[in-house]
Amino acid sequence: MAKDFVVTPWKVEGDIDYNRLIKEFGTEHLDDALLHRIKKLTGELHPFLRRKIFFSHRDMNWLLDEYEKGNKFYLYTGRGPSGNTHIGHLVPWLFTKWLQDKFDVLLYFQMTDDEKFLFKDNLSLTQTNSLAYENALDVIALGFKQGKTHIFTNTDYSKTLYKNALLVAKKITVSTTKAVFGFNDSNNVGELFFTSMQAVPAFLPSVLKGKNIPCLIPHAIDQDAHFRVARDVLPKLGFYKPAAIHCRFLPALGIGGKMSASEKDSAIYTTDSADEIEKKVKKYAFSGGRATIEEHRKLGGNPDIDVPYQWLSFFEEDDSKLKKIHDDYKSGKLLSGELKLILIEKLQVFLKEHQRKRESARKVLDKFILKD
Ligand code: TYM
């Protein structure tokens, strides 16, 4: 089959066929029966679930079986600090926060400053480490519970992490890392080792508490390769396989692929000003509108390819508002420029508040950080 898109932890490109990814990666659809089961426990469904933005999973039924038996899980997610946080990163984190609230569980949040040093040519370890603490402010700003949320960078929590990464590393051959991640002989040896570090928080609380605790990892589907390896290795070390729940990518502002922190014009960062938001959306957002107003009024726009509409489908929580925008755009009643203004306002309001909380987070950062 022709490969017209790529999804790996380090590269996401092209027009992604998410159903094909489910097949190729061997994950499962997040189907209506499972959504129903989640709703029974949480009382409502997050818009990301209702809209199938979270679309795939591994072992969610097992995780909920354990939960119903009284065996509570913890959450694990993370960030590779290569730059400022963009609003695509917030997608799995917003959902993780919702899960923490609904299930009242602990969160372990890994900042892979080692990864970004190893995989990027232009970043020093000092830079990735300080970016990690800047990114941590965004995590805290989302409202994760103090005392129940532990954020750590791999280099500043290395004594604990390294000992456990060794257990994983010993069970992974070079040929496995080549097959799973596509590495070749020119990759540096740190890159080959790195997946062992990303595996550790998937069982660390079990080590710390001296008993096996189920783990749920919310993330976008690009990180799945790491957890395929972790799921293979962890039972060999006597731990549970981690469960996972996967989201789609918030698209880049221009056409194709996911939003990337290294392409500045394709992303809105959490630190962007109201003016920057307006400028970027107006200038770069790919539109599904027609060439002229007359044509648009007559034929209508195409919300399926329109990036401002796609973004609203992530961030406008009100289903009826979203439907009206969709229908008005499709019928030609709503123009592309007007749709962009709706998005701009939504982002400006959200980010202004986020930036305020992000600054207050500096005062409590220490309370969230694990170091050794
Ligand atoms: P990173 O920094 O590339 O991404 C952080 C999280 O955001 C997700 N993501 C997106 N989600 C929606 N739309 C997008 N456009 C988008 N871009 C990125 C990623 O899937 C990820 O969940 N190696 C990891 C850091 C990490 C981690 C983890 C991530 C360590 N442990 C456990 C998830 C779970 C990384 O570089 O993520």
Side-chain angles (χ1 to χ4, degrees), residues 7-13 16 18 21 25 27 48 51 53-56 58 74-97 99 107-120 123 128 131-132 134-136 138-139 142 150-155 157 161 165 168 181 191 194-204 215-231 242-254 256-263 266-270 307 310-311 313-315:
V7 176
T8 77
W10 301 286
K11 190 167 165 187
V12 177
E13 260 176 26
I16 300 158
Y18 288 99
L21 280 183
F25 289 178
T27 69
F48 291 165
R51 296 177 192 166
I53 286 171
F54 276 80
F55 70 103
S56 152
R58 290 184 185 273
Y74 70 94
L75 295 160
Y76 159 39
T77 196
R79 159 82 177 129
S82 57
N84 289 336
T85 300
H86 64 54
I87 59 169
H89 300 131
L90 300 185
V91 173
W93 305 349
L94 285 163
F95 185 62
T96 303
K97 148 88 170 97
L99 290 171
L107 165 66
Y108 282 77
F109 195 107
Q110 180 178 48
M111 293 285 179
T112 56
D113 53 349
D114 53 347
E115 174 191 14
K116 292 299 154 176
F117 168 67
L118 289 166
F119 283 86
K120 296 264 173 189
L123 288 172
T128 58
L131 281 166
E134 277 297 308
N135 290 177
D138 290 299
V139 176
L142 296 181
H150 304 297
I151 307 176
F152 49 91
T153 82
N154 281 357
T155 62
Y157 194 43
L161 295 175
V168 181
F181 297 104
E191 289 173 320
F194 169 72
T195 194
S196 320
M197 292 296 281
Q198 188 151 328
V200 174
F203 65 98
L204 183 63
C215 170
L216 172 61
I217 315 175
H219 60 90
I221 192 77
D222 60 337
Q223 299 295 315
D224 180 65
H226 287 298
F227 302 119
R228 288 205 290 280
V229 176
R231 284 168 55 86
I245 185 160
H246 311 123
C247 65
R248 302 165 189 272
F249 302 107
L250 180 77
L253 261 186
K258 71 157 186 174
M259 179 176 289
S260 157
S262 46
E263 280 171 55
S266 82
I268 300 276
Y269 297 91
T270 58
V307 170
Q310 294 302 316
W311 282 24
S313 73
F314 280 74
F315 295 115

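Small disclaimer: the values here were computed from a predicted structure and weren't measured. Note: hydrogens, waters and symmetry copies are ignored here, and every other heavy atom, side chains too, is used. Atoms within a ligand are numbered from 1 in the order they appear, just like the ligands themselves.
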Do the side chains of [Y] and [X] get nearer than 4.5 Å, heavy atoms only?
| X | Y | result |
| --- | --- | --- |
| Phe181 | Thr8 | no |
| Phe109 | Thr77 | yes |
| Pro251 | Phe314 | yes |
| Val91 | Phe249 | no |

Of all residues at least two apart in sequence or in a different chain, which pass the side-chain contact (heavy atoms from CB on, under 4.5 Å) check with Phe119?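 For Phe119, the residues satisfying side-chain contact (heavy atoms from CB on, under 4.5 Å) (neighbours in sequence not counted) are Trp10, Glu115, Phe183, Glu191, Phe194.
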Under-4.0 Å heavy-atom contact with ligand 1, by part of [X] that carries it:
| X | result |
| --- | --- |
| Ala220 | both |
| Tyr108 | neither |
| Ile217 | side chain |

Would [X] count as being in polar contact with ligand 1, using the rule that some N or O on each side must be under 3.5 angstrom apart?
| X | answer |
| --- | --- |
| Trp93 | no |
| Thr77 | no |
| Gly80 | yes |
| Phe249 | no |
| Phe194 | no |

Mark the output for Lys116 as yes if a heavy-atom distance to ligand 1 is under 4.0 Å, and as no if none is.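 A heavy atom of Lys116 does come that close to ligand 1.
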Quick one: does Pro9 get a heavy atom under 4.0 Å from ligand 1?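 No, that is not the case, since the closest heavy atom of the residue is not under 4.0 Å from the ligand.
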If you take the centroid of each ring, where Trp contributes its six-membered ring, are His219 and Phe227 closer together than 6.0 Å?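 Yes: the rings meet the under 6.0 Å criterion.
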Which residues satisfy the ring pair (Phe, Tyr, Trp, His ring centres under 6.0 Å) test with Tyr157, sequence neighbours excluded?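 Scan of Tyr157 (ring pair (Phe, Tyr, Trp, His ring centres under 6.0 Å), adjacent residues dropped) gives Phe152.
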Could you work out, for atom 3 (O) of ligand 1, the closest of Gln198, Arg248, Gln110, Gln223 by heavy-atom distance?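 Shortest heavy-atom distance from atom 3 (O) of ligand 1: Gln223.
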On a heavy-atom basis, I'd like to know which of Val91, Thr85, Thr112, Asp222 is closest to atom 20 (O) of ligand 1.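 Checking each option, the heavy atom nearest atom 20 (O) of ligand 1 is found in Asp222.
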Just checking, is any N or O donor in the side chain of Asn84 or Glu134 under 3.5 Å from an acceptor N or O on the other one?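 Note: Asn84 and Glu134 side chains miss the donor-acceptor criterion.
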